[in-house]
Amino acid sequence: MTEEKKSFYLIDGSSYIYRAFYAIGRLSNAKGMPTQAIYGFAQMLLKVIRERKPDYICVVFDAPGPNFRHEMYEAYKATRQKMPEDLIVQVPYIKNLVRFHGIPQMEMLGYEADDLIATLAHWGRDQGLEVVIVSGDKDLHQLIESPFIRQWDTQKDRVFTEDEVKEKFGVEPRRMGDYLALVGDSSDNVPGVKGVGDKTAQKLLQQWETLDGLYAHLEEVSPPSVRKKLQENRELAYLSRQLVSFKEDVPLSREIDSFVAGEPMKSELFKLYEELDFKNLLETLRQSWEDFQEVSSNTAGEGTESLRRDKIIRDEKDLFRLMEEIKALDCFSIDLETTSRDPMRAELVGVALSHADHHACYIPLNHSGKEAGNQLSEKVVLKALASVLSGEKPGKVGQNIKYEWVVFKRHGIDLKGIVFDTMVASYLLDPGKHSHSLDRIAAEHLGENMISYQEVTGKGKSQIGFAEVSVDVAAEYACEDAETTWRLVPILKRKLKEEGFEDLYVSLELPLIEVLARMEYQGILVDVQRLETLSVDFEKALDREAAIIYDLAKEEFNIQSPKQLAYILFEKLGLRVVKKTKTGPSTDVNVLEELAGEHPVVEHILNYRTLAKLKGTYADSLIKLVHPETGRIHTSYNQTVTATGRLSSSDPNLQNIPIRTEEGRKIREAFVAPPGHVLLSADYSQIELRILAHYSRDEHLVEAFHAGADIHRRTAAEMFNIPPHEVTPEMRRQAKTINFGIIYGMGAFGLARRLGISNKLAKASIDRYFDRYRGVKRYIERLIEETRQRGYCETLLGRRRSIPELQSRNYTLRQQGERLAINTPIQGTAADLIKKAMIDIHGALEKSGFKAKMLLQVHDELVFEVPMKELDVVRNLIREKMENVWELRVPLKVDMGWGENWTLAHP
DNA sequence: TGTTGATCGTAC
DNA sequence: GACGTACGATCAACAT
């Protein structure tokens with residue numbers, strides 16, 4: 001039996017960095033950072049690992065700073081130092097990539113990668129290893145030594161042995177140095193002998209063996225032209241010879257075992273790929289974990305205990321024992337399995353609970369089919385659960401536990417004592433993330449891959465309801481959720497604390513969960529008949545408009561298709577193309593309004609668009625979402641979506657119900673109060689500008705708010721240098737646009753377009769504004785600088801959003817970063833304040849036993865349903881809580897209105 | 001048949 | 001390229 005030689009792979013890291021950078025076209029992540037070198041490097045690295053499974057491996061990099069080659073040759077330095085800016089930023093990521101894969105890496109001051117590779121290759125050969133140099137560079141061919149040392153070019157997927165080199169260059173590897181000394185190497189700025197190419201060099205070396213041999217017989221060289229070149233460039237040839245030779249005196253004090261690859265750091269890799277937006281590598285990573293887990297569970301056998309111990313509760317004895325156990329605890333995690341993602345429609349299928357790492361229980365309730373076996377009745381389980389759920393103690397933790405709150409509420413249980421929500425915690429740690437789903441959080445913070453919902457229920461046509469899932473599979477899935485949530489709590493808690501988010505979390509976001517849950521559960525009453533009438537009216541109007549449009553266009557087409565519409569307008573009717581989108585000419589409202597005078601059809605298309613929007617997005621879809629039992633609409637408030645800290649609303653989105661046009665307000669009229677009640681709307685007046693005044697301490701702004709002035713009128717007066725009473729409506733309108741523009745970081749171009757004025761005039765207006773409001777100017781400048789330095793910006797209550805864009809070398813991106821840095825503290829602080837007001841108001845209403853209920857939040861507005869009898873008192877209570885929610889340098893002002901529907905309630 | 005990205009429009 | 005934050009309807013292209 002012959003012993004297989006162990007392999008030693010030496011990866012020429014520095015050359016791959018360059019090759020990947022130039023080989024792949026521009027690639028960047030969402031933040032605009034260039035990533036192509038990292039990507040190409042990762043592909044190469046994975047190829048080596050997967051295809052060759054090396055026993056020993058090392059990635060070798062050039063050390064920064066000069067080495068002997070620089071001293072020898074000035075020009076060498078010139079090209080070597082010029083690494084492009086876009087590549088420099090990628091290098092640290094590449095080194096991390098290698099490190100996270102558990103692969104040893106080396107660089108040594110005073111040496112280039114080639115020197116280390118030469119040293120290591122010979123060292124490895126002497127240790128009896130089969131050495132493979134992973135590189136495409138031909139100067140490394142010198143090291144090839146069959147059968148001990150080979151070279152693999154992964155990009156061309158070609159392996160070089162002595163024979164291959166000989167065939168390609170006409171010289172054996174050991175004479176490659178002589179060959180390169182003659183030919184030169186433009187990529188490394190090795191000069192060689194000018195005028196001697198590969199053919200001449202091959203011929204010369206075939207004849208005279210080596211460079212020394214050649215020069216020793218220089219007189220005999222023919223033709224004379226070549227001889228002349230060699231004569232003149234003798235020094236350059238020998239210099240080149242030295243430049244391409246390796247310095248093999250690298251001090252090595254490593255044991256062979258230090259070149260064994262370690263375990264990949266899964267969660268670090270996951271985070272890295274995520275930051276870089278390497279979608280397919282993320283997928284591959286997931287896949288490899290799954291494969292690994294399958295292999296290890298298949299081979300684990302009976303002797304090895306599985307990681308998770310799940311228990312399925314099927315009888316009362318176990319159930320009661322579990323409840324007793326839980327009662328004695330400090331806290332536990334809970335996760336419901338149901339028939340719907342909508343908590344207002346969900347029926348219970350099972351309950352998973354966990355209070356110890358890697359342990360969880362599953363209580364099946366309503367699994368269907370006779371294979372489901374014995375299940376406790378929903379009634380019994382709910383009753384037992386109520387004993388631990390409806391008290392403050394023990395504390396409850398969950399992933400999006402608002403969902404559980406609403407489902408339990410519908411089943412008669414008031415969930416109390418919410419002490420942690422992993423989704424909300426993850427959000428505070430990085431509100432810029434696009435998902436705070438449990439599987440993503442687990443991947444980030446635990447480096448674990450979870451069973452997906454789709455793996456359990458299937459997808460597409462063969463998808464089944466959760467109740468149809470077998471109890472065993474359901475238990476495994478649900479227990480994983482519950483116990484993963486449980487294990488995440490201490491980790492996230494520590495991170496919240498480290499980042500100083502404790503207060504924001506405990507005093508704001510956590511108490512807000514129940515407030516939002518109650519708002520969702522309460523819902524808002526809708527006059528469905530009214531919506532249906534509106535829908536029919538809109539439909540009729542749409543038909544009329546469509547008929548006119550088809551007539552004018554002399555053709556029927558899909559008006560809702562931008563592509564078909566563009567064809568009609570710009571090709572058939574020959575209208576001007578005002579603006580272009582990625583895919584063709586734009587047909588948006590600005591374009592159509594500009595074209596309105598040029599063809600009668602345009603006006604009708606605008607009408608059609610408006611009507612289609614009102615009918616489709618509002619009337620019809622709102623009707624579909626009215627709850628069959630409550631007759632109300634129960635929106636979902638999402639607490640973990642926006643980058644600034646605002647809430648968002650969905651299914652339906654009640655934060656974008658029309659208000660600006662009369663037609664649109666008809667939709668709003670369908671939101672009504674029940675008999676004996678009114679809808680009360682309370683909105684913060686100019687909250688964002690007040691926050692700007694607070695932060696900037698701008699003299700004029702602060703004074704204006706203290707004086708209770710009409711802020712836009714005041715701005716107009718400042719801008720036009722006239723007394724406020726002389727401000728015309730047009731002036732006020734312009735000032736208002738500028739005021740909003742400031743908050744959004746608008747530039748001259750945007751303002752010009754918005755106001756329909758020249759770029760120059762817009763620029764002058766903005767300059768004028770900052771001249772009048774010096775404090776604002778100073779504030780914005782300091783804010784941007786601070787944000788750039790810290791990498792994030794902060795709201796009044798300490799919420800943070802990281803803004804890496806400000807550190808970008810890309811101008812557009814940096815500009816974008818400036819706008820985010822300006823807008824986020826303002827928008828985010830407004831969000832902080834109204835959230836706190838919501839908590840305060842809810843507490844006050846509950847404490848005093850009012851029947852009034854908070855129903856909606858629309859960023860700066862709160863909508864309540866108030867019994868007529870309570871109106872006067874509750875009105876004052878709400879105003880008081882909102883206006884005094886926080887002490888700023890300017891007063892907060894609340895406008896209120898009430899009436900039987902939402903339109904009437906608007907002040 | 002379902003998924004995804006682009007376009008459009010509504011709100012604050 | 002040019003104004004921040006969302007959600008959702010529809011279309012068109014593409015994957016299954």
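A, B, ... follow the sequence lines: proteins, then strands. Residue 1 opens every chain. All figures in this text were calculated on a predicted structure; none of them were measured in a lab.
The interatomic distance linking A:I822 (CD1) with C:dT5 (P) rounds to 12 Å, in whole Å. The distance from atom CD of A:E805 to atom P of C:dG4 is 11 Å, rounded to the nearest whole Å. Atom NE2 of A:H859 is separated from atom P of C:dT5 by 12 Å (rounded to the nearest Å). In this structure, A:L813 atom CG and C:dG1 atom C1' are separated by 11 Å, rounded to whole Å. One interatomic measurement links the two molecules: CD of A:Q857 to P of C:dT5, which rounds to 17 Å at whole-angstrom precision. Taking atom CG of A:L647 as the reference point, atom C1' of C:dA6 lies 11 Å away to the nearest angstrom. Taking atom CG on A:L692 and atom C1' on C:dG4, their separation rounds to 14 Å, with Å as the unit. Atom pair A:Q655:CD and C:dA6:P shows a separation of 11 Å (rounding to whole Å applied).
Under the side-chain hydrogen bond (donor to acceptor under 3.5 Å, both in side chains) criterion, the residue pairs touching residues 737-753 of chain A are A:H712-A:N739, A:T715-A:N739, with sequence neighbours excluded. For residues 633-658 of chain A, the ring pair (Phe, Tyr, Trp, His ring centres under 6.0 Å) pairs, not counting sequence neighbours, are A:H627-A:H634.
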task: Give the B/S/- string for nucleotides 7-16 of chain C, one per nucleotide from 5' to 3', where a protein heavy atom under 4.0 Å of the base yields B, of only the sugar-phosphate yields S, and otherwise -.
output: BBS-SSS---
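Remark: the separation of the P atoms in B:dA6 and C:dG1 is 14 Å, to the nearest Å.
A salt bridge links A:K572 with A:E555: the distance from a Lys NZ or Arg NE/NH1/NH2 to an Asp or Glu carboxylate oxygen falls below 4.0 Å. Salt bridge absent: A:E786 and A:R782 never bring a charged side-chain N and a carboxylate O closer than 4.0 Å. Between A:R732 and A:D710 there is a salt bridge, since at least one side-chain N of the basic residue sits less than 4.0 Å from a carboxylate O of the acidic one.
Counting non-hydrogen atoms under 4.0 angstrom, A:I659 reaches the backbone sugars and phosphates but no base. A:Q815 comes within 4.0 angstrom of no nucleic acid atom, judged by non-hydrogen atoms across all strands. Residue A:G747 is classed as a sugar-phosphate contact, given heavy-atom separations below 4.0 Å to backbone atoms only. Counting any heavy atom pair closer than 4.0 Å across all strands shown, A:R646 reaches a base atom. A:I826 comes within 4.0 angstrom of nothing in the nucleic acid, heavy atoms only. Counting any heavy atom pair closer than 4.0 Å across all strands shown, A:R801 reaches sugar-phosphate atoms only and no base atom. Among the atoms of the strands shown, only primed sugar atoms or phosphate atoms (P, OP1, OP2) are found under 4.0 Å from some heavy atom of A:T587.
A side chain to side chain contact (heavy atoms under 4.5 Å, CB included) with A:L611 is found for one member of A:D543, A:L606, A:D537, A:L542 and no other, namely A:L542.
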- prompt: Can A:Y695 and A:T829 be said to form a side chain to side chain contact (heavy atoms under 4.5 Å, CB included), step by step?
  reply: CA-CA 10 Å; A:Y695 277 133; A:T829 297; 2.8 Å; yes
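Looking at A:S535 and A:D620, their side chains do bring a donor and an acceptor atom within 3.5 Å of each other. Between A:T795 and A:D832, the side chains place a donor N or O and an acceptor N or O closer than 3.5 Å (distance only, hydrogens not considered). For A:Q655 and A:S649, the side-chain atoms include no donor-acceptor pair closer than 3.5 Å.
Annotation: ring pair (Phe, Tyr, Trp, His ring centres under 6.0 Å) contacts of A:Y403 (sequence neighbours excluded): none.
Protein chain A contacts DNA chain B over a range whose 5' and 3' limits, counting nucleotides with an atom under 4.0 angstrom from a non-hydrogen atom, are B:dA6 to B:dC12.
Of the possible polar contacts, one joining the A:Q807 side chain to the A:R788 backbone as a donor-acceptor pair under 3.5 Å is found.
Interface residues of residues 750-765 of chain A facing DNA chain B, ordered by number: none; criterion, heavy-atom separation under 4.0 Å.
Nearest to the side chain of A:M746, among C:dG1, C:dG4, C:dC3, sits C:dC3.
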